[in-house]
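Worksheet: one structure, shown below.
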Amino acid sequence: MLLSTMPRPILATIHTAALRHNLARCRAQTLDSRLWAIVKANAYGHGIERAFEGLRAADGFALLDLDEAQRVRALGWRGPVLLLEGVFELRDLELCSRLDLWHTVHCSEQIDMLASHKTNLPHRIFLKMNSGMNRLGFTPERYRSAWTRLNALPQVDEISLITHFSDADGERGVSEQMAVFSSITKDLPGERSVCNSAATLRHSEFASDWVRPGIAIYGSAPDFPEHSAAEWDLQPAMTLAAKIIATQDLLPGDSVGYGSTFVAEQAMRIGIVACGYADGYPRVCPSGTPVLIGGLRGRTVGRVSMDMLTVDLTALVPAGFGTEVTLWGRASNGAVLSIDDIAHSAGTVGYELMCALAPRVPVLVEA
Ligand SMILES: *Cc1c(COP(=O)(O)O)cnc(C)c1O
């Protein structure tokens with residue numbers, strides 16, 4: 001028999017109030033656009049069920065996975081649910097009919113499937129244009145004939161018009177893609193949806209009927225480091241925190257961790273933290289990556305290992321066994337360490353870190 005045990009001292013917290021705040025923040029960017037809360041990838045690692053309460057003021061939920069769509073319906077959500085990649089095979093359309101899922105149509109194969117789908121309830125479609133990203137969608141040249149073909153199908157109800165920007169977060173911006181999209185769709189009826197988080201924040205003049213913020217509602221800046229989450233008034237929706245489970249006193253010349261990549265130049269005290277790459281903390285983060293130790297800014301030393309990482313306690317005298325270490329998010333004293341700072345140290349983006357929170361980490365939902 002297994003004894004009931006205390007978990008390892010590591011915890012992820014999902015902040016419902018922060019989700020609510022960030023959603024309102026995105027909404028405030030637009031005049032009267034409706035807002036899809038993007039909850040693909042299990043709500044960017046936060047968990048659809050855990051994030052739902054904080055996001056229920058959205059006008060709809062958009063995602064990729066049919067399983068995730070069923071989970072949104074199982075939560076009692078009766079409003080719009082949009083499949084951002086549409087269906088993958090014919091029988092997916094049955095679920096769309098049954099659960100009233102709206103779906104993207106981005107290729108002619110998906111029109112073929114709709115044409116052979118038997119339903120009494122015509123589907124709401126978001127017809128996707130490839131306006132320059134060259135991932136999903138009909139090219140501008142083929143877009144109008146796709147619209148005409150769809151519009152003639154009895155299986156199709158209203159058709160909305162959608163495209164996705166490749167550079168809304170950067171220098172290139174959205175004007176070229178927007179010009180293509182506008183000119184091709186000019187006289188077509190239907191609602192428009194073009195803006196992801198970066199475009200909602202930086203190019204809100206294009207907000208149109210529906211905006212599609214993802215990363216911003218989880219409290220990460222889509223255009224970091226040009227802007228920080230704090231500059232956009234976004235709050236972290238996820239905190240990853242652990243405790244110090246041991247300390248060591250080092251002499252000059254002593255090294256830390258695998259590969260001895262960090263060597264003490266003077267006497268120092270270090271803390272061993274119960275969080276490693278098997279929890280989702282990136283192994284590539286070098287010595288010097290920021291952390292909050294008892295809510296005060298500190299740094300890591302040495303390599304991140306599977307279950308542990310190491311922090312410098314030398315200047316943080318009262319810190320020791322049991323002290324809270326915040327890897328990202330909000331510390332107990334209210335101090336914030338943005339996930340974007342850690343992502344930057346790891347050479348990646350906040351998206352990847354939040355999506356990679358490991359299943360072994362216990363998660364608490366905070367009201
Ligand atoms: C993921 C996704 C979004 C959200 O992007 P963010 O950068 O997280 O705001 C919007 N639209 C589509 C089609 C997407 O796939």
Side-chain angles (χ1 to χ4, degrees), residues 18-19 22-23 25-27 29-30 33-46 48 51 55 58-66 68-69 72 80-88 101-107 110 125-138 160-170 172-174 177-178 181 191-204 206-224 226-227 229 232 234 236-238 338-340 343 348-356:
L19 290 166
N22 297 336
L23 193 75
R25 181 66 193 79
C26 290
R27 206 184 268 294
Q29 285 295 110
T30 76
S33 305
R34 272 164 293 157
L35 193 148
W36 291 113
I38 309 292
V39 294
K40 63 190 179 190
N42 199 22
Y44 289 46
H46 293 65
I48 287 177
L55 299 178
D59 299 291
F61 290 88
L63 37 72
L64 309 182
D65 210 286
L66 282 109
E68 291 183 341
V72 169
V81 174
L82 174 64
L83 297 176
L84 288 165
E85 294 183 352
V87 297
F88 306 99
L101 307 180
W102 300 3
H103 50 103
T104 297
V105 167
H106 63 76
C107 63
Q110 289 179 328
I125 301 300
F126 278 64
L127 180 62
K128 186 154 190 173
M129 185 190 297
N130 168 15
S131 58
M133 192 172 191
N134 289 308
R135 229 172 38 173
L136 301 183
F138 292 91
S160 303
L161 316 177
I162 184 170
T163 195
H164 194 53
F165 295 132
S166 56
D167 290 77
D169 57 333
R172 186 164 176 189
V174 304
Q177 283 185 262
M178 202 57 215
F181 182 76
E191 297 184 336
R192 270 77 171 153
S193 177
V194 297
C195 290
N196 58 1
S197 296
T200 303
L201 295 173
R202 294 166 65 99
H203 306 285
S204 58
F206 300 127
S208 68
D209 300 294
W210 289 90
V211 292
R212 309 191 304 268
I215 194 71
I217 60 182
Y218 303 105
S220 162
D223 58 352
F224 186 86
E226 187 180 338
H227 295 99
W232 286 124
L234 299 170
M238 178 195 290
S338 174
I339 196 168
D340 297 327
T348 185
V349 288
Y351 301 75
E352 189 178 359
L353 268 52
M354 47 181 83
C355 289

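Residue numbers count from 1 along this sequence. All ligand and atom numbering here is 1-based and tracks the order in the structure.
Proximity of N196 to P222: side-chain heavy atoms (C-beta onward) are nowhere separated by under 4.5 Å. The shortest distance between side-chain heavy atoms of P236 and I339 does not fall below 4.5 Å. Side-chain contact check for F224 versus V349: every heavy-atom pair is 4.5 Å or farther apart. In this structure, V39 and E68 have side chains that are not in contact, with every pair of non-hydrogen atoms separated by 4.5 Å or more. No side-chain heavy atom of R135 sits less than 4.5 Å from a side-chain heavy atom of N130.
Residue contacts with ligand 1: Y218 is excluded, as none of its non-hydrogen atoms falls under 4.0 Å. Ligand 1 lies out of reach of W36, whose nearest heavy atom is not under 4.0 Å from it.
Summarising the contacts of atom 15 (O) of ligand 1 with H164, K128, K40, R212, the nearest heavy atom is found in K40.
A salt bridge links E191 and R34; the closest N-O separation between the charged side-chain nitrogens and carboxylate oxygens is under 4.0 Å.
Between G214 and ligand 1, a contact under 3.5 Å exists for at least one N or O pair. Here's the thing with L84: none of its N/O atoms is less than 3.5 angstrom from an N/O atom of ligand 1.
Scanning all protein heavy atoms for the shortest distance to atom 7 (O) of ligand 1 gives Y351 OH, 2.6 Å. Counting only heavy atoms of the protein, atom 9 (O) of ligand 1 lies nearest to S197 OG, 2.5 Å. Counting only heavy atoms of the protein, atom 8 (O) of ligand 1 lies nearest to Y44 OH, 2.5 Å.
In this structure, the separation between CD1 on I215 and SG on C355 is 7.5 Å, given to the nearest 0.5 Å.
Proximity of I38 to ligand 1, defined as any heavy-atom pair under 4.0 Å, is confined to the side chain (atoms from C-beta onward).
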